[in-house]
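The next block holds one structure in the form of structure tokens; read it before the comments.
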There are 2 protein chains.
Amino acid sequence: MKESSLPVALDMPRGGRATVASLARRAGVATSTVSRALRNDPRISPEMRERIAALALEAGYTPNVLARSLVGGQSGLIGLVLGPVENPFYAELMQKAVAQAAARGWRLLLLHAGPGPIEDATAEALLQYRVDGCLITSAELSSRAAAICAANKVPLVMINRVAWEHGSAVSCDNHAAGALLADLLLRAGHRRLAVVSGNARTSTSTERAEGFARQVAAAGLPPPLALGGDNSHATGYQVGREIAAMSPGTRPEAVLGVSDILAMGVMDALREAGIGVPEAVSVVGIDGIGPARRPPYELTTVAQPLECMIERGLDLLQERMRGRPRAEEVVLLRGRLIRGRSARLPAEKPDRT
Amino acid sequence: MKESSLPVALDMPRGGRATVASLARRAGVATSTVSRALRNDPRISPEMRERIAALALEAGYTPNVLARSLVGGQSGLIGLVLGPVENPFYAELMQKAVAQAAARGWRLLLLHAGPGPIEDATAEALLQYRVDGCLITSAELSSRAAAICAANKVPLVMINRVAWEHGSAVSCDNHAAGALLADLLLRAGHRRLAVVSGNARTSTSTERAEGFARQVAAAGLPPPLALGGDNSHATGYQVGREIAAMSPGTRPEAVLGVSDILAMGVMDALREAGIGVPEAVSVVGIDGIGPARRPPYELTTVAQPLECMIERGLDLLQERMRGRPRAEEVVLLRGRLIRGRSARLPAEKPDRT
DNA sequence: CTCGTCTGTGCTATCGATTGCACGAACAAG
DNA sequence: CTTGTTCGTGCAATCGATAGCACAGACGAG
């Protein structure tokens with residue numbers, strides 16, 4: 001009664017939360033025993049294990065992962081650097097990333113979401129929280145974050161981006177996607193083509209446009225009209241108005257928006273100007289985002305295999321976390337064509353080889 | 001040469017990352033001195049501080065926040081439980097939350113994003129990582145997470161939701177928003193009204209519908225037609241088709257989608273059916289999401305003051321983290337009317353009092 | 001009856017950083 | 001010259017959990 005008045009209350013550590021130590025005192029055993037019992041160490045007798053489990057449950061014990069990380073060397077955290085979520089693609093990516101990471105027992109530390117480069121202070125957080133790995137999908141200039149990761153040996157995987165210098169990457173085969181769409185449009189008889197690009201510094205945008213252009217060139221046609229410059233609905237819309245303003249004789253007959261969001265902007269502008277899509281102009285995109293599949297658009301597009309991309313990305317991270325210093329790799333996954341109603345296309349292939 | 005062969009290499013701790021200890025050894029001082037120097041403790045002499053800072057920079061030292069949290073009792077982490085990001089509202093919310101949290105020196109632990117309730121294992125992570133607080137915006141059934149937070153005294157704030165039992169909340173004045181729109185539509189001469197609701201278990205949806213209905217009742221009109229039941233574009237679209245199928249004489253003249261995403265679905269269906277919006281039917285929404293303001297929609301809506309909501313939410317968290325056991329509170333912020341082109345409305349108020 | 005061999009637990013160092021307290025030196029006042 | 005400050009550092013405990021090693025008892029074999 002001198003030093004401790006409330007035996008139970010004082011049994012609780014600072015935060016009010018039970019700890020291995022408080023449980024150990026209650027059970028009259030050592031902390032190591034508690035720790036082992038809770039981790040189902042076979043060396044602990046079943047009775048003891050049960051007793052401690054019951055005590056833990058009663059006390060509402062939750063292990064402190066921070067403390068565990070300190071000794072274990074693994075935080076269980078994955079850093080996530082996300083692009084501008086105005087583009088539903090990133091939102092969808094995030095949703096799937098959270099779910100898949102959780103399924104593997106990882107938590108996501110959300111470091112950046114939005115346009116523009118990641119701030120230095122934010123990139124520092126990657127190191128401060130000792131993330132086990134990092135997923136980067138941000139559009140541009142995240143080379144900064146990438147460099148920091150590389151310099152500190154944080155496993156790094158870029159999704160939907162190809163690495164500039166460091167790290168592995170998982171991406172859709174953008175070149176092939178562009179080529180596939182060009183091929184379809186050409187087979188449908190379109191001759192005057194246009195490409196609306198996003199940010200010229202992103203591999204995603206340039207590769208798609210390039211794949212498209214190369215296929216057009218292969219058909220012996222003049223290069224497609226190049227428009228755009230920013231990956232947003234607004235840009236697509238503006239480009240759409242420009243196209244609408246052209247005379248029907250010079251106007252492109254088919255337009256590729258290198259991302260669905262661009263294509264949607266183009267469609268909106270064209271239709272607003274009274275130009276029928278797909279009657280007057282065919283519009284196609286790439287990404288396969290949800291809104292583009294819905295009624296007013298029903299965009300013909302090449303959908304990225306998002307679920308697989310994330311799965312492969314996490315695989316790559318895991319390999320590196322386990323310390324296998326394989327060469328960095330770039331994984332390309334093939335996209336899947338979705339035939340919507342935004343373009344006049346040749347009939348489905350007979351599929352008779 | 002006996003025990004340590006590579007003095008510099010062995011100076012590096014396990015992870016290869018510099019620590020206060022490794023820096024202390026290099027500088028020939030105690031770890032406490034290093035710690036204090038790096039935290040700009042005035043007791044350390046300027047020369048020493050400078051010397052250690054230089055050493056830290058050279059070694060690429062980054063403090064281990066996990067270790068710091070252990071003694072400090074604060075993790076610097078905020079848990080974020082997010083609703084279905086198919087609704088751009090949540091994506092926008094997340095983007096602003098990341099930015100504002102970062103500005104206050106907090107990082108976000110992304111625990112759940114998507115439809116459906118949060119899993120128990122996920123909610124546990126809130127405790128395991130010792131988050132300093134939690135932001136919940138998930139649509140439904142996160143009472144589980146809320147209960148866990150409450151039981152463990154984790155400060156909790158719900159955004160865009162009103163607390164069921166525990167925690168504080170920041171929300172738009174949904175009732176007023178519904179009433180405001182009803183008033184406008186009535187003043188424009190609309191008489192047959194309809195409401196498309198979201199999930200009936202979310203306060204957001206019911207309050208908006210109720211505010212709308214009450215205003216309609218106050219005008220002595222029969223209650224608005226109640227439709228919907230799920231907060232998605234698909235539901236809005238389906239409802240839109242039902243409305244389109246009604247005869248022009250019985251069809252509602254104006255429709256409130258309790259969220260923009262619902263309203264967009266309604267618009268899409270109506271227009272597809274050849275029913276002009278706003279010529280034949282006025283459509284209004286609530287939320288103020290980006291896509292709804294763009295060309296094909298230009299929805300008339302009441303925008304939530306998202307930036308402010310998050311700011312207030314973080315304020316509330318901060319107060320509680322600082323340990324001021326004020327009563328839990330609900331903060332209601334007034335929304336802002338955005339006049340789009342999706343509804344026939346009375347002319348702007350002369351504003352002459 | 002004694003000597004291994006297991007089994008089940010306890011003791012203690014450790015992870016990286018922070019912090020209360022002690023300690024030595026320099027220096028001013030008496 | 002002694003005493004009392006002030007200043008700058010070091011020592012060691014602490015946060016919560018884990019793991020290597022030691023150790024006590026039970027038990028079968030010789």
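Here is the naming used below: chain letters follow the sequence lines, and residue numbers restart at 1 for every chain. Hydrogens, waters and symmetry mates play no part in the numbers below; they use all other heavy atoms, side chains included.
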### Heavy-atom check, side chain of S168(B) versus side chain of R320(B), under 4.5 Å
yes
### Query
Would you say dT18(C) has OP1 or OP2 under 4.0 Å from some side-chain N or O of R39(B)?
yes
### Message
Does a side-chain N or O of Y129(A) approach OP1 or OP2 of dG16(C) to a distance below 4.0 Å, or not?
### Response
no
#### Entry: Value in whole Å for how far the C1' atom of dT18(C) lies from CG of L66(A)
15 Å
### Whole-Å distance separating the CZ atom of R68(A) from the C1' atom of dC15(D)
16 Å
#### Entry: 4.5 Å side-chain heavy-atom contact, V85(A) and E92(B)
no
### d(CG, N64(A); P, dC15(D)) in whole Å
12 Å
### Message
Please pick, from dG10(D), dA17(D), dT9(D), the nucleotide with the shortest atom-to-atom distance to any side-chain atom of V71(A).
### Response
dA17(D)
### Query
Checking all strands, does V29(B) fall into the base, sugar-phosphate, or nothing category for heavy-atom contacts under 4.0 angstrom?
sugar-phosphate
### Summary
Of the listed dG10(C), dA17(D), dA17(C), the closest approach to the T19(A) side chain comes from dA17(D)
### Message
Between C1' on dG16(D) and CG on L127(B), what's the gap in Å once rounded to a whole number?
### Response
15 Å
### Query
Given atom CD of E47(B) and atom P of dG8(D), what is their separation to the nearest angstrom?
8 Å
### Query
Taking only side-chain nitrogens and oxygens of T33(A), does any of them come within less than 4.0 Å of OP1 or OP2 of dG10(C)?
yes
### Task
Inspect the contact between D41(A) and R43(A) and indicate whether a charged nitrogen and a carboxylate oxygen are less than 4.0 angstrom apart.
yes
### Task
Between A67(A) and T31(B), just flag the one whose closest nucleotide in DNA chain C comes earlier from the 5' side.
A67(A)
### Task
Starting at atom CZ of R43(A), determine the distance to atom C1' of dA24(D), rounded to an integer number of angstrom.
16 Å
### Query
Of all the nucleotides listed (dT18(C), dA17(D), dC15(D)), which has the minimum atom distance to the side chain of Y61(A)?
dA17(D)
### Message
I need the CE-C1' distance between M48(A) and dG8(C), as an integer number of Å.
### Response
8 Å
### Message
Distance check needed: dG10(C) P versus L23(A) CG, whole Å only.
### Response
14 Å
### Task
Going by the side-chain hydrogen bond (donor to acceptor under 3.5 Å, both in side chains) test, name the single residue among E311(B), E307(B), Q95(B) that passes it with Q100(B).
E307(B)
### Task
Applying salt bridge (Lys or Arg N to Asp or Glu O under 4.0 Å), run through D132(A) and R107(A) and close with a yes or a no.
CA-CA 10 Å; D132(A) 293 336; R107(A) 303 296 162 189; over 6 Å; no
### Task
For V20(A) and for I44(B), locate the closest nucleotide of DNA chain D by heavy-atom distance; then report the residue assigned to the nucleotide nearer the 5' terminus.
I44(B)
### Message
At less than 4.0 Å, is any side-chain N or O atom of S32(B) found next to OP1 or OP2 of dT18(C)? Yes or no.
### Response
no
### Query
OP1 or OP2 of dT9(D) sitting under 4.0 Å from any side-chain N/O of S45(B)?
yes
### Message
Any N or O donor-acceptor pair under 3.5 Å from the base of dG10(D) to the side chain of R36(B)?
### Response
yes
